[in-house]
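Positions are given from 1, in the same order as the sequence printed here. Keep in mind it's a predicted model, so treat the numbers as computed, not measured.
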Amino acid sequence: MAEMLVRDKVLYSLVRGDYYEPVSRYRPTREHFYDPVRSLLPEEWDIQQHNVWYGCTYKGAQIPAQGWKIHLSATPAHAPAILMTVVRLLAPQKVTFKFLTDRTMLWLSNGKGWSRGASGKFITVYPTDTDHCAQLLESLYEATIGYWGPYILSDRRYRDNRILHYRYGGLLPVKRLDVSGTSVHVIQDKDGRYIDDERTPFFHLPPEVEDPFLKHSTAAVDDAEPGTLKNGRYEIEAALAVSNSGGVYLALDRHEGRKVVIKEGRPYTNVSVRGLDAVQLIKKEHRLLRLVEDLDISARPLDFFIDWEHAYLVESYLEGGNTLRNYFANISLTMRTRAGPDESREYYRLYRTLFTQLATMLKSLHERNIVFSDLSMTNVLVIEREGGDPELKLIDFEGAYEEGIDLPTHLMTPGFSPQEAMDRGMATRQDDYYALGSLMMVGLFPMNPLLVLDRDAHERYLEAFQRDFDFPPHLADLIRRLLGRDTDKRPDIDEILSILSVDHEPRAPHVGTHEIDATDLEDTIARVLEHCDAAADFERRDRLFPADPTVFETNPLSLGHGACGVAYAMHRIRGHVDPRVLEWIRSHPVDGNNYAPGLYVGLSGIAWSMLNMGLREEAVAMLGHAKDHRLLWSSPNLFHGAAGWGMAQLRFFLATGDGAYLEEARKAGRFLVESREVEPELHDGCFWSSPEGISASLGHGTAGVALFLLYLHLATGDDAYLAVGRQGLNWILDKAVRRHEEGGMSWIARDRTPSLMPYWRWGSSGIGRTFLRYWHVTGDASYAEAVADIHVDCDRKYAIFPGYFLGLAGIVDMYLDLARFPQWEDRAMASARKLLAGCMLFPVRRGNALAFPGESLNRISCDYGTGGAGVALMMHRYRTRGGASFMLDELLPDWSVQDRPESLKAALG
């Protein structure tokens, strides 16, 4: 459910180990490119690594801030020769340049998962002006004609040279902070104003900049009718997926009058370690699809053609298809909160049916000497048929190979291929069986990336499923054998099918709390913090504790991902913080130019956490940096916008009594009242738009703004804030979605993301915290009814992550708020205990310590928002029944005493 809001962290996982690391800590293989370049450059030239690049310059070099720059692409085979040719041309002319650090980085940058706006760039050359650029383009054209490389989508190709491209943009890394706390590349327009230096996957010029080389350029277009392929035969209707190596499109075959799916292959992208590129891979896929067409296990191959320079595979359209992952998310017992015996019986019937189909497919492929290689949750499609059982189809045969005919590919997915296969760079039939076991785990719960950190993580999940859902022992044992290290003990396909044929009559699900019942919670909390202590690196400046990659893109101190969030949790739990941690925090220079003003990634949250830790003087100075910040009114939301900043102002007002803070909070209130939007169809409702889109959520949407307005009303007595906040709640109620037949109330994360979520940052548990407080203040029974329905959505043990922002720990916080009310107490504490039991399925042991994975499950995080600190803090709050963090609940009347039992009783029955 959460993946669409979780950024790809592949680049931060290049450095092997337990933690996310910036690319600057990647240690490239120097003999690939560095050593040859160093041998050619004069002694006075300097080579420095900057993330994925080696920059080459000399003392006194003059590089303009922006202008025309030149990019050269390359294939791994041609890269050394291209690089040496370019260096020999540029060095005597004293032209600065940079190049990718090694073959691995070149392979990744040409690969399927690289950003389309940045892909293909192997060498960047920095001319001093337009005339210089023209001269260099001609010289490089003559020197490199005949080499081949990917078309650089953000650029224009120069003449008919297949590797030489150019674009206009920043030459120096000029960046400006945005409201999320990250820095974005900027250039200046003709009036000196900063505008984004857009890195689009198509050629783009800033306003009023013209292309002086246009007559020499080669654009990635043809003369066909726009939006069509193969001389107009195929009309593109929608992009189903887009990657660096090419898109997947839904199209109309005008000749046959039918819908088709078209896969695109861009030349020289997604090059395998054995030299196959995207074009060769989809041509191989075309051949394999024809070999298995009679088996009816995949889409039918209909056509293959070249249009312009790209290859296209046309397949039959599998209508009604959904990925195996999404299908099981819809029917899984772990995703339901009120499943009964009928749902359980039907689930196991479908589980056995689908995996019997999948095993039979593997058997038929292996009988034809085809290894699928990359069997993962996105490569199996479920076709739902009205009135019948669903049918599986295999899609994406790019990774497959015919034994003895094709070169095996490197295409495998961590968590679905054993590490041994990843290390050897190819999969075998036995690895297909491992992948089958991995998919059987997805059918239960998608925890597979955790296997990268803990090869045996599936064991505790299987034990939990056997207890909670009566998962049959013979199937659990089958998965264990398929995922085992000893390939000789893996069952063959006939035994797999035999085991899957055994029927099972399950009892009704009974989701228990064994994992927390068997745990010494105080000891567990101590062991989580013990890992944070051990992992702290006081010599580093980019981060103190291992954290989500956001820490490298924002700042090292933030509440959400930086040192202040972990230190706050330690202070709350232990009552003190290691002086070395406080000194590390104090040692960082902070101002409004390099820190955003917001609560969870910026100055407001850092100040609030310092205040709570007793660093009052530093806290006041820190919040002062946010005053009149240029980004202050860039977003309304709680997470990094005006509402969160306003919350911090109220906290400092309550702590100091200084009315200046209250006046600042009023400024935020006035801004939010004035910036609200209304829907004409909805009477008396309003919402706020954030840079991330429109959302009902606490972190990024209307619930967070409404929460601040409630507190501001209580602090000032101004009913206008309460009235606007209630308008926001009306809008939220109008956007609610009912889940399954269980009646739980949920919301889509945002208008750009269709996923329904129970999580603190984007979903129902965060929204529930706002409804609870409004109900407490106003007595409006509709808010209590909403809380009761939200409880149905959040009363769960299983979620994709354990953390606070987007996982189980954040849902715990809502229940500990609810537990303050006698009518809710028993149920709320039982639900919190269930959620904490789910959290205990995630930790990995490191010595005697316990660590929690972050928001990809394949790396450890210690931070407040995604890692161990946030989980430990919720465990501590559960143990001590303490108050909520980063709320202003002392403003709520009689918050610790339930003063409106009648309306709550009526809502809960």
Compare all side-chain heavy atoms of Ser764 with those of Met745 and state whether any distance is below 4.5 angstrom. no
Partners of Lys797 by side chain to side chain donor-acceptor pair (under 3.5 Å), sequence neighbours excluded? Asp468, Glu515
Looking only at heavy atoms, which two atoms of Leu857 and Pro446 are closest? And how far apart? CD1-O, 4.3 Å
Give me each pair satisfying side-chain hydrogen bond (donor to acceptor under 3.5 Å, both in side chains) with a member in residues 598-609, each pair once, sequence neighbours excluded. none
Is any side-chain N of the basic residue among Glu890 and Arg651 closer than 4.0 Å to the acidic one's carboxylate O? yes
In short, Ala642 meets Ala668 closest at the heavy-atom pair O-CB, 3.8 Å
Would you find a donor on one side and an acceptor on the other, under 3.5 Å apart, between the side chain of Thr656 and the backbone of Asp658? yes
Expected output: side-chain Arg676 to main-chain Cys686 donor-acceptor under 3.5 Å: no
Arg336 with Asp793: basic N within carboxylate O range, under 4.0 Å: no
CG-CZ distance between Asn322 and Phe328, expressed to the nearest 0.5 angstrom: 11.5 Å
Partner residues of Arg630 under the salt bridge (charged side-chain N to carboxylate O under 4.0 Å, His left out) criterion, sequence neighbours left out: none
Taking side chain as C-beta onward, heavy atoms only, is Phe639 less than 4.5 Å from Arg761? yes
Stepwise ring pair (Phe, Tyr, Trp, His ring centres under 6.0 Å) test for His629 and Tyr595: CA-CA 10 Å; His629 198 289; Tyr595 282 68; 9.8 Å; no
Is there side-chain contact between Ser332 and Phe445, with heavy atoms separated by less than 4.5 Å? no
Distance, nearest 0.5 Å, that separates OH of Tyr661 from NZ of Lys627: 9.5 Å
Is it true that Glu664 and Arg670 make a salt bridge, defined as a side-chain N closer than 4.0 Å to a carboxylate O? no
What's the spacing between Asp795 CG and Ile811 CD1 if we round to 0.5 Å? 10.0 Å
Can you tell if the side chain of Val248 reaches within under 4.5 Å of the side chain of Val261, non-hydrogen atoms only? yes
Close side-chain approach of Leu712 and Asp718, heavy atoms under 4.5 Å: no
So, for Tyr804 and Tyr864, is the gap between ring centers shorter than 6.0 Å? yes
Side-chain donor or acceptor of His791 paired with backbone N/O of Ser831 under 3.5 Å: no
Hey, could you give me the OG1/CE distance between Thr337 and Met335, rounded to the nearest 0.5 Å? 11.0 Å
If you measure only the distance, is there a donor-acceptor pair under 3.5 Å linking the side chains of Tyr568 and Ser885? yes
Has Arg881 got a side-chain atom pairing as donor or acceptor with Ala819's backbone, closer than 3.5 angstrom? yes
For His185 and Arg199: C-alpha separation, side-chain torsions, deciding distance, then whether side chain to side chain donor-acceptor pair (under 3.5 Å) applies. CA-CA 9 Å; His185 289 274; Arg199 312 294 173 94; 3.3 Å; yes
Given the ring of Tyr878, does Arg833 sit roughly above its face, with NZ or CZ under 6.0 Å from the centre of the six-membered ring and within 45° of the axis? no
Nearest heavy-atom pair of Pro636 and Val705: which atoms, and what distance? O-CG2, 3.4 Å
Quick check: closest heavy atoms across Glu677 and Trp688, and the distance to 0.1 Å? OE2-C, 4.5 Å
Indicate yes or no: at least one non-hydrogen side-chain atom of Phe687 is less than 4.5 angstrom from one of Lys735. no
CD1 of Ile790 to OG of Ser765, rounded to nearest 0.5 Å, is 8.5 Å
Pair Trp645-Trp633, ring pair (Phe, Tyr, Trp, His ring centres under 6.0 Å): steps then yes or no: CA-CA 10 Å; Trp645 176 79; Trp633 313 117; 5.6 Å; yes
Please check: side-chain N/O of Asp751 versus main-chain N/O of Ile694, any donor-acceptor pairing under 3.5 Å? yes
Flag, side chain of Thr753 to backbone of Ala749, donor-acceptor distance under 3.5 Å: no
With a 4.5 Å cut-off on side-chain heavy atoms, are Arg773 and Tyr711 touching? yes
So that I can tick it off, tell me whether Asp548 and Lys9 are bridged by a salt bridge, with the cut-off set at under 4.0 angstrom between side-chain N and carboxylate O. yes
Under a 4.0 Å N-O cut-off, is there an ion pair linking Asp196 with Arg176? no
